[in-house]
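Residue numbers begin at 1 in each chain, while the letters A, B, ... track the order of the sequences.
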Number of protein chains: 2
Amino acid sequence: MATLYYHPTPEEVTLLPLLRAVADPVRLGIICHLHSLGEANCTTLLRGRPKSSMSHHFQVLREVGILHTRVEGVQHRNTLRLTMLEERFPGLMSSILRGYAIDPASP
Amino acid sequence: MATLYYHPTPEEVTLLPLLRAVADPVRLGIICHLHSLGEANCTTLLRGRPKSSMSHHFQVLREVGILHTRVEGVQHRNTLRLTMLEERFPGLMSSILRGYAIDPASP
DNA sequence: CTTATTGTTCGATCAACATAAAACTATGAA
DNA sequence: TTCATAGTTTTATGTTGATCGAACAATAAG
């Protein structure tokens, strides 16, 4: 069975859960790393962490609308939903990504 | 004794604590309410909540650099440090404030 | 000095959440 | 089939942090 994930529509993306999702060191790292890579699977971003932890964070990011997961064979390819996010909350993600570049002292 | 508070310098303001501080429904409400008022004391922003809770949230917001507390007599007047924040992390606060206007469904 | 107002600090409680091991599912290759 | 790879789900644990009552501190006014 093809494992599919639910991805919220733009209207379903709300500010507070978005902020909560971003306000975690691991997830902020994932977001910014993913931004620099464009697309990546789960394993690529584990940096010594257990897979179950990564899977959890990816789930959180997916459910609040930050990333999209595309299943391709065994791998799950993740991308940021930047265009949608930029329309929904203009400037938010871009300023966070820029902020991380300014102060990457987070994770 | 004049009660003084420590306010972090711009360099001491870091992204992750800032995001954590904002990612709370009560504090997000305080921030946006304060933005519309310009300046306000603690009591003005209690909306049925106990003072001790408000005091806690104001402390968090102060310590991460989001607001400045000016003591005037018995009252503590709070203002957002928007100019500093805009220099430190351009676009961040403004996009959050705009985001709250778009989706105020938070608190 | 006494009282009222404003806000902080202390202490306890409770819930949310990050972490991680272990078992499981799903796909692809040998 | 059988094995390997990629990721999820389950379950448990521990920690952080929000909440709120009660006591305290500081200033102003009577």
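In this structure, A:Glu63 places its CD atom 14 Å from C1' of C:dC17, rounding to the nearest Å. Whole-Å rounding puts the B:Leu4 CG to C:dG7 P distance at 16 Å. If you take CE of A:Met54 and P of C:dA18, they are 12 Å apart, rounded to a whole angstrom. Atoms CD1 (B:Ile30) and C1' (C:dG7) sit 14 Å apart, rounded to a whole Å. Rounded to whole Å, atom C1' of D:dT8 lies 15 Å from atom CD of A:Gln75. Rounded to a whole Å, the CZ atom of A:Phe58 is 16 Å from the P atom of C:dA20.
Not a single donor-acceptor pair under 3.5 Å links the side chain of B:Arg77 to the backbone N or O of B:Ala40. In terms of modelled atom types and a separation under 3.5 Å, the side chain of A:Ser95 and the main chain of A:Gly91 share a donor-acceptor contact. Listed for the A:Asp103 side chain is no donor-acceptor partner under 3.5 Å among the backbone atoms of A:Ala101.
Listed by first and then second residue, the salt bridge (Lys or Arg N to Asp or Glu O under 4.0 Å) pairs that reach into residues 50-71 of chain B are B:Glu39-B:Arg70, B:Arg70-B:Glu72, sequence neighbours excluded. Screening residues 35-74 of chain B for ring pair (Phe, Tyr, Trp, His ring centres under 6.0 Å) gives B:His7-B:His68 as the qualifying pairs, with residues at least two apart or on separate chains.
Positionally, the nearest nucleotide of DNA chain D for A:Lys51 lies more toward the 5' end than for the other of A:Lys51 and B:Glu72.
Of all non-hydrogen atoms in A:Val71 and A:Tyr5, the two that sit nearest each other are CG2-CE1, 4.0 Å. B:Val22 and B:Ile66 make their closest contact through CG2-CD1, 3.6 Å (heavy atoms, listed as atom of the first residue, atom of the second, distance).
Contact check, B:Tyr5 against C:dG7: no side-chain N or O comes under 4.0 Å of OP1 or OP2.
In the region residues 38-46 of chain A, proximity to DNA chain D at under 4.0 angstrom, judged on heavy atoms, holds for A:Asn41, A:Cys42, A:Thr43.
With sequence neighbours left out, the side chain to side chain contact (heavy atoms under 4.5 Å, CB included) criterion links A:Arg20 to A:Leu16, A:Pro17, B:Ala23. Residues meeting the side chain to side chain contact (heavy atoms under 4.5 Å, CB included) test with A:Thr9, sequence neighbours left out: A:Glu11, A:Glu12.
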Treating primed atoms plus P, OP1 and OP2 as sugar-phosphate and everything else as base, which nucleotides of nucleotides 10-19 of chain D get B, S or - for protein heavy atoms under 4.0 Å?
--------SB
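Backbone-only engagement by B:Arg62 is indicated by non-hydrogen atom pairs under 4.0 Å involving sugar-phosphate atoms exclusively.
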